[in-house]
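Here's the structure, in structure tokens; my notes come after.
In listed order, ligands and their atoms are each counted from 1.
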Amino acid sequence: MSNTDFVLAIEDLTVSFDGFKAVDNLIMYIEKNELRVVIGPNGAGKTTVLDLICGKTKSTSGSIKFKNQELTELAEHEIVRAGVGRKFQNPSIYENLTVYQNLEVSYPVGRNVWGSLTFKRTAEVEERVRQVAREILLEDFLDMESALLSHGQKQWLEIGMLLMQEPELLMLDEPVAGMSAKERDQTAELLNRICKNRSVIVIEHDMEFVKKIAHKVTVLHQGKILAEGSMDKVQHDEKVIEVYLGH
Ligand code: ADP
Ligand code: MG
């Protein structure tokens, strides 16, 4: 496989904050329909990697290619439009809108031939809302005000809002933090389903959860890759046990 076949190719990526390298010469390749989990101790640089990919933070040097398009030169909204969706740790849903409305407003807005913004209130939008609601286990909650959802359901709704845009790369930062055991299991199933049509990067600490979803695991430590490979390989790596899993 050549480097141009990957959905995401990160090469020699570095960002320094006042001389401190939070991400240090990172090299990482993500395949189509791959679900990659990134683990590592607090401060390892995990969130910063997602910030760099989605354009929230600008790199000091290096390259991030998404389907062979260089992202480091693009603005955040251009990266979204290119097909990269990112969920932050705290859900940003509209609490006063229903589940249906939250999904509806996330439908990508097009521009018509006269250049004005158009919002498609069509059967197409409704069909998409229902399809996404099924995927995120909220089909029976479409008319509920979002404020009334459980913490876990709010997390799923935000994933659904990202899915409305049909991203080819979806990035989730600690998606099961604060969820019940049952919600964690359901989230694992949900992620196993949605990575069938796209690549997914998940940052997570819960190793039981990681086991259920990871195709491959990348262990970050001090902005560098400490280990990478199958869950089994990484779990038995002595360096990983020493700096992370042993604690
Ligand atoms: P993780 O998500 O692995 O816990 P982060 O990526 O949040 O780690 O942070 C990595 C390091 O980079 C930390 O030491 C953090 O303080 C630092 N850092 C992250 N973002 C910034 C920033 N915008 N300015 C300065 N330092 C930052
Ligand atoms: Mg973090």
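- Near N42, meaning under 4.0 Å from any of its heavy atoms, are these atoms of ligand 1: 4 (O).
- Other residues, nucleotides and ligands contribute over 12 non-hydrogen atoms within 6.0 Å of the CD atom of E76.
- Of the protein's heavy atoms, F20 CE2, 3.6 Å lies nearest to atom 14 (O) of ligand 1.
- With contacts defined as side-chain heavy-atom distances shorter than 4.5 Å, the pair M171/D173 does not qualify.
- When hydrogens are left out, the protein atom nearest atom 23 (N) of ligand 1 is F17 CE2, 3.6 Å; that is the closest non-hydrogen contact.
- In summary, N42 places no N/O/S atom under 2.8 Å from the Mg ion (ligand 2), failing the contact criterion.
- In terms of N/O distances under 3.5 Å, ligand 1 is not approached by A22.
- Salt bridge K212/D185: present, at least one basic N to carboxylate O contact under 4.0 Å.
- Annotation for ligand 1: atoms under 4.0 Å from non-hydrogen atoms of A44 are 1 (P), 3 (O), 8 (O).
- With respect to atom 9 (O) of ligand 1, the closest heavy atom belonging to the protein is T48 OG1, 3.7 Å.
- For the pair D206 and R184, the salt-bridge criterion is met [side-chain N within less than 4.0 Å of a carboxylate O].
- Nearest protein neighbour of atom 7 (O) of ligand 1, counting heavy atoms only, is T47 CB, 3.8 Å.
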| request: Kindly determine whether E31 and R36 satisfy salt bridge (Lys or Arg N to Asp or Glu O under 4.0 Å), including the steps that lead there. | output: CA-CA 9 Å; E31 290 178 38; R36 175 72 58 92; over 6 Å; no
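- Taking a cutoff of 4.0 Å between a charged side-chain nitrogen and a carboxylate oxygen, E168 and K67 qualify as a salt bridge.
- Looking from atom 4 (O) of ligand 1 to the surrounding protein, the closest heavy atom is G43 N, 2.8 Å.
- Salt bridge present: E208 and K211 bring a charged side-chain N and a carboxylate O closer than 4.0 Å.
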